[in-house]
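Okay, so here's the structure we're looking at.
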Protein chains: 2
Amino acid sequence: MAQQASDNTMLIDALFDIFRNHGYEGTTISLLSEVTGLQKSSLYHHFPAGKEDMLKAVVGYVSLQIHQNIIAPLLNTQSKPEKRFSNMIATIKAFYNDGRKNCLLNVLNLGEAKAEIKKLQNDDYCAWLDALTQLSIEVGISQQEATEWAERFLIVIEGALVIQRLTSNKQVFEKQMEYEQKQFHKFLNQ
Amino acid sequence: MAQQASDNTMLIDALFDIFRNHGYEGTTISLLSEVTGLQKSSLYHHFPAGKEDMLKAVVGYVSLQIHQNIIAPLLNTQSKPEKRFSNMIATIKAFYNDGRKNCLLNVLNLGEAKAEIKKLQNDDYCAWLDALTQLSIEVGISQQEATEWAERFLIVIEGALVIQRLTSNKQVFEKQMEYEQKQFHKFLNQ
DNA sequence: GTCTATACTAGGATAGAC
DNA sequence: GTCTATCCTAGTATAGAC
């Protein structure tokens with residue numbers, strides 16, 4: 001398990017980048033060793049339970065990022081909803097490097113094994129969904145419409161990442177994010 | 001390479017199911033052997049170049065399906081556009097088993113290796129995109145709007161599949177397909 | 001906390017009989 | 001065209017020195 005987060009952040013960030021590029025099965029200890037510059041056994045020192053442990057640490061790290069950088073700011077009623085939304089878009093763009101980086105969600109194919117990790121991801125998804133729903137309700141949308149809009153927003157993120165990965169058209173993701181911006185502004189002016 | 005398609009269809013279909021469930025790296029020859037009931041060496045008889053060859057056959061098979069069952073009907077101007085669209089939705093639902101089955105696109109993480117396969121998939125994507133664009137233009141939408149709608153439609157499919165896989169909420173995919181139906185009807189009544 | 005060295009297994013692939 | 005048997009490498013993981 002990865003304690004002392006402060007020291008290990010860079011390490012986990014490197015692991016994160018590999019897992020999102022190669023998926024779980026496609027990620028090998030050798031590759032992790034190569035990229036981090038640590039020998040395999042050193043990696044096992046940090047993560048005694050091996051690869052799955054490393055993934056857990058990564059997912060936990062991403063979870064933290066989502067809560068701190070996306071969900072908390074979304075719920076912070078001190079700034080205007082439109083500002084919070086556009087800040088989120090900016091954060092997302094950076095997080096996915098304008099669509100050039102994958103989302104762990106669509107690259108990990110976690111079956112019934114690894115249910116624990118899947119649960120973590122699902123919780124994050126739900127929290128994000130709730131925050132978005134909140135925000136749009138705040139702007140005057142009905143509960144019903146708000147939930148549907150929020151769900152579709154997250155669906156579009158995932159879908160755009162998948163399609164951009166396929167087409168190597170570097171604009172797919174950004175275009176969708178712009179579209180979502182416009183949609184949100186329509187909400188404001190209703 | 002898989003010739004004599006008529007005989008091999010069931011075999012390839014079985015391979016397809018495994019690849020879409022486990023991804024490329026997650027699919028092992030042993031698993032393929034187990035599920036198909038053929039010994040490993042028998043698989044190699046059908047696909048001398050091994051796993052990558054099997055994937056190629058699967059992707060080719062899926063490509064054929066898409067062209068025959070989705071793209072051709074979409075472009076067949078003998079039936080009404082709205083009918084063609086709703087037929088497509090039905091076909092898609094069946095193909096993804098109402099969102100319970102993955103799309104190869106989001107489960108395969110093909111890097112620069114396997115560029116050939118990626119190209120095949122990209123071609124299919126483009127063909128599908130074009131057919132959708134055609135259809136919506138036929139219904140009176142502007143070229144610009146048509147392209148954007150078509151792209152978003154395919155993005156939503158991929159995204160919905162990813163999210164449904166995560167949440168095990170069995171309605172995510174169907175809900176999005178219903179939404180798209182409604183959207184298309186709005187086009188008709190403009 | 002990092003290293004070298006090594007053990008072990010599973011995965012990919014082939015040989016050759018039937 | 002399917003099988004049994006086998007090879008080889010790559011992948012996971014551990015032991016133990018420094």
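When reading the values below, keep in mind they use all heavy atoms of this one structure, side chains included, and skip hydrogens, waters and symmetry mates. In what follows, chains carry the letters A, B, and so on, assigned in the order in which the sequence lines appear, proteins first and then strands, with residues in each chain numbered from 1.
Distance from the side chain of A/Tyr44 is smallest for D/dA13 among the nucleotides D/dA13, C/dT2, D/dC3. For B/Lys40, counting side-chain heavy atoms from C-beta on, the closest listed nucleotide (D/dG11, C/dA13, C/dC3) is C/dA13. Closest to the A/Gln39 side chain, of the nucleotides D/dG11, C/dC3, C/dG1, is C/dC3. The listed nucleotides are D/dT12, C/dT2, C/dG11; the one nearest the side chain of B/Ser30 is C/dG11. Taking the side chain of B/Ser41 as heavy atoms from C-beta on, and the options C/dA15, C/dC3, D/dT2, the nearest nucleotide is C/dA15.
Straight-line distance from the NZ atom of A/Lys51 to the P atom of C/dA10: 14 Å, rounded to whole Å. The NE2-P distance, from B/His45 to C/dC18, rounds to 18 Å in whole Å. One can place CG of A/Leu55 at 17 Å from C1' of D/dG11, the figure rounded to the nearest angstrom. Straight-line distance from the CD1 atom of A/Ile29 to the P atom of C/dC8: 19 Å, rounded to whole Å. If you take CG of A/Asn8 and C1' of C/dG1, they are 11 Å apart, rounded to a whole angstrom. Protein atom CZ of B/Phe47 is 15 Å distant from nucleotide atom P of C/dG12, rounded to whole Å. Taking atom CG of residue B/Leu32 and atom P of nucleotide C/dA10, one finds them 17 Å apart after rounding to whole Å. In this structure, the CD atom of A/Glu34 is 13 Å from the P atom of D/dA10, given to the nearest Å.
Contact annotation for B/Thr28: backbone-only contact, meaning every heavy-atom pair under 4.0 Å involves sugar-phosphate atoms and none involves a base. Heavy atoms of A/Gly26 sit nowhere under 4.0 angstrom from any nucleic acid atom. Residue A/Thr27 is in sugar-phosphate contact alone, with no base atom involved, counting any heavy-atom pair closer than 4.0 Å across all strands shown.
The neighbour count for B/Lys80 NZ, taken as heavy atoms of other residues, nucleotides or ligands under 6.0 Å away, does not exceed 12.
Geometrically, B/Lys51 engages B/Tyr24 in a cation-pi contact defined by less than 6.0 Å to the ring centre and at most 45° from the axis.
The aromatic rings of A/Trp149 and A/Phe184 sit tilted relative to each other, their planes meeting at an angle between 30° and 60°.
The two residues B/Thr36 and B/Ala14 have their closest heavy-atom pair at CG2-CB, 4.1 Å.
In this structure, the salt bridge (Lys or Arg N to Asp or Glu O under 4.0 Å) partners of B/Lys175, at least two apart in sequence or on a different chain, are A/Glu151.
OP1 or OP2 of C/dT2 has at least one side-chain nitrogen or oxygen of A/His46 nearer than 4.0 Å.
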